[in-house]
Protein chains: 2
Amino acid sequence: MIKAYAAYEAKGKLRSFEYDPGPLGNNEVEIDITHCGICHSDLSMIDNEWGITQYPLVAGHEVVGTISSAGENVSHLKIGDFVGLGWHSCYCMTCGTCLAGDHNLCSSAQPTIVAHHGGFANKVRAGAASVVKLPDSIDKETAGPLFCGGITVFNPLIQFDIKPTDKVGVIGIGGLGHIALQFLNAWGCEVTAFTSSERKKTEALELGAHRALNSRDPSEIKTASEQLDLIISTVYVKLDWNAYIMTLRPKGRLHFVGATLDPIDVGVFPLIRGQHSISGSTVGSPENIAIMLDFAVRHNIKPVIEKYSFDNINEAIERLRNGHVHYRIVLSS
Amino acid sequence: MIKAYAAYEAKGKLRSFEYDPGPLGNNEVEIDITHCGICHSDLSMIDNEWGITQYPLVAGHEVVGTISSAGENVSHLKIGDFVGLGWHSCYCMTCGTCLAGDHNLCSSAQPTIVAHHGGFANKVRAGAASVVKLPDSIDKETAGPLFCGGITVFNPLIQFDIKPTDKVGVIGIGGLGHIALQFLNAWGCEVTAFTSSERKKTEALELGAHRALNSRDPSEIKTASEQLDLIISTVYVKLDWNAYIMTLRPKGRLHFVGATLDPIDVGVFPLIRGQHSISGSTVGSPENIAIMLDFAVRHNIKPVIEKYSFDNINEAIERLRNGHVHYRIVLSS
């Protein structure tokens, strides 16, 4: 039996939950969980914000632990390996996107916490292809958030072939943005942080930004006019996207990894005139997660975390719900 | 003196106009005009739709003719060369975008018909770098529209590295779209035309489309679900862009070369889920115009034109204003 913490209703406290995962599939592994990050999408699922939650729900998709069991077809992971598991716990492996290496875009991919029990537990099961071995020297306590928050902001650098000579903005310095600043600084880019918090402006500079601008002040945004090759927006609120388009260099891109519910409402003329792009992306493939982990170790990039024990999971979730987390929570066994 | 046809007021008939272009600049050429296409943006300028027109206005920016005079610094063109001139008649040549080969994105580029006299005339002046030599075997009568309409739809194929294995949609089968279909077919792509006209559906298939769908019928659009790598929208009206996003494959792009005044109003979630891009672009660089001309000759790609003499320019413009042109007008001397 797997011992987990489950939500039984929207906004309700998590309570103990045990389930029998059944026989291990030939292509599956079981992970003994040592750490699990809490992501905002765990909260969205717990509170059924997307209307797709099935209770009892075991959330948690920033898992770190060791392989405790491996199916007979699994050859790239062995018992005792330190590994991580992120948003996806299984891919079809045979569709066009999987075969092209874009597993995260597989339309049959199994999310770890949607109709599947996740990482707020002592163990979790997953398809072996979605489980990534940790580099030996990575800090295991802070590695969890890289598997969702980290890869979400790292993936665009790979997808759009961002160069060290590029100038990149990050909107929103929170769970995702604070990791993005570190990656971009190590990538060699000139980094601009956009935040509405004066306190976070200072922290952004410490995390790797070369300047920090007020994300809601048109005059501060304007000081970046036609300077940025890429902007990564991590926020969930509507901002003046047309003002941000004006900060793009020719061929520049405004890229969303945080989703606002409001439509984008950008004018077509500015896109045409500057050959600009607007785009979005979600997490990343297992191979790009592995590449990210290697890069993070080499550059000593770590999510800034608050630590909680699994026993105090409800306290941790309440802190996230109240928007007080600085910058990411990791639960430890 | 240069003898031209000028607009003196919005919606007014063009009348004879003579002007003295002054001494030829060292980096300039003068072209004896044999043909000039009429583009919808000529009409927009004549009618002052963008609020920037200075009268008298000599429109015309799809020029074909021969070099009649060349400044002393001009070495790549000589008197008698058959050449073409498009939307831009001068670039700064020293800004970052010019030096990177993206002259069409130069913020100081001089549009041929904005505060500059264009091609509805017997001669036109232009910076030599913006004037492109015609391939020997090109059909000079139909070449003019390639210099604006043609490069506008060809440029995205270069910019976004479109492959012959890609599946591409074209929205709007008019002055731009009918050239796009020919380019894309020759490029090796699977080509889908979207048009609201039943007649144009048939013509689209003749021009190179492999299928034609009703651009305003949600059920027909839906038959292309998740199939297209690129959509080029050439229309000036608002369509259901969210429905078109659903026709994109993972990593697919909805690209605007026609500008609607309404904002794009696309949701962020679909962009994130499919890693889609929305973008725009305008015309192309001189080098990409030259590459396009070579490709057009090799594949016998020609704009479908209606012929008018310069003497009948007002009749031609009225036909364009009434939306009756099939598909592009070229004036001949």
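All chains are named by letter (A, B, ...) in the order of the sequence lines, taking the proteins before the strands, and each is independently numbered beginning at 1.
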**OP:** Applying side-chain contact (heavy atoms from CB on, under 4.5 Å), run through B:Lys251 and A:Asp102 and close with a yes or a no.
**Re:** CA-CA 10 Å; B:Lys251 300 189 177 184; A:Asp102 297 316; 3.0 Å; yes
Original post:
Of the non-hydrogen atoms in B:Ile272 and A:Ala259, which two are nearest, and what is the gap between them?
Top reply: CD1-CB, 3.7 Å
**OP:** State the CZ-CZ distance between B:Phe269 and A:Phe256, to the nearest 0.5 angstrom.
**Re:** 13.0 Å
Subject >> Crowding at NZ, A:Lys238 (>12 non-hydrogen neighbours, <6.0 Å) >> reply: yes
Original post:
Do you know which of B:His255, B:Gln159, B:Glu226 has the most heavy-atom pairs under 4.5 Å to chain A?
Top reply: B:Gln159
**OP:** Just do the side-chain contact (heavy atoms from CB on, under 4.5 Å) check on A:Arg273 and B:Leu105 with the steps written out, would you?
**Re:** CA-CA 7 Å; A:Arg273 192 174 48 216; B:Leu105 300 176; over 6 Å; no
Original post:
Checking heavy atoms, do the side chain of A:Leu254, its backbone, both or neither come under 4.5 Å from chain B?
Top reply: neither
**OP:** Write down the atom of B:Ser281, the atom of A:Gln275, and the distance for their closest heavy-atom approach.
**Re:** CB-CG, 3.8 Å
**OP:** Return yes if a side-chain donor-acceptor contact under 3.5 Å exists between A:Arg249 and B:Thr97, otherwise no.
**Re:** no
Original post:
Quick one: does B:Val268's side chain get under 4.5 Å of A:Ile264's, heavy atoms only?
Top reply: yes
Original post:
Would you say the side-chain atoms of B:Ser277 and A:Arg253 include a donor-acceptor pair closer than 3.5 Å?
Top reply: yes
Original post:
When rounded to the nearest 0.5 angstrom, what is the spacing between OG1 in B:Thr282 and CG in A:Leu271?
Top reply: 12.5 Å
Original post:
Picking from B:Asp262, B:Val283, B:Ile278, which has the most non-hydrogen pairs under 4.5 angstrom with chain A?
Top reply: B:Ile278
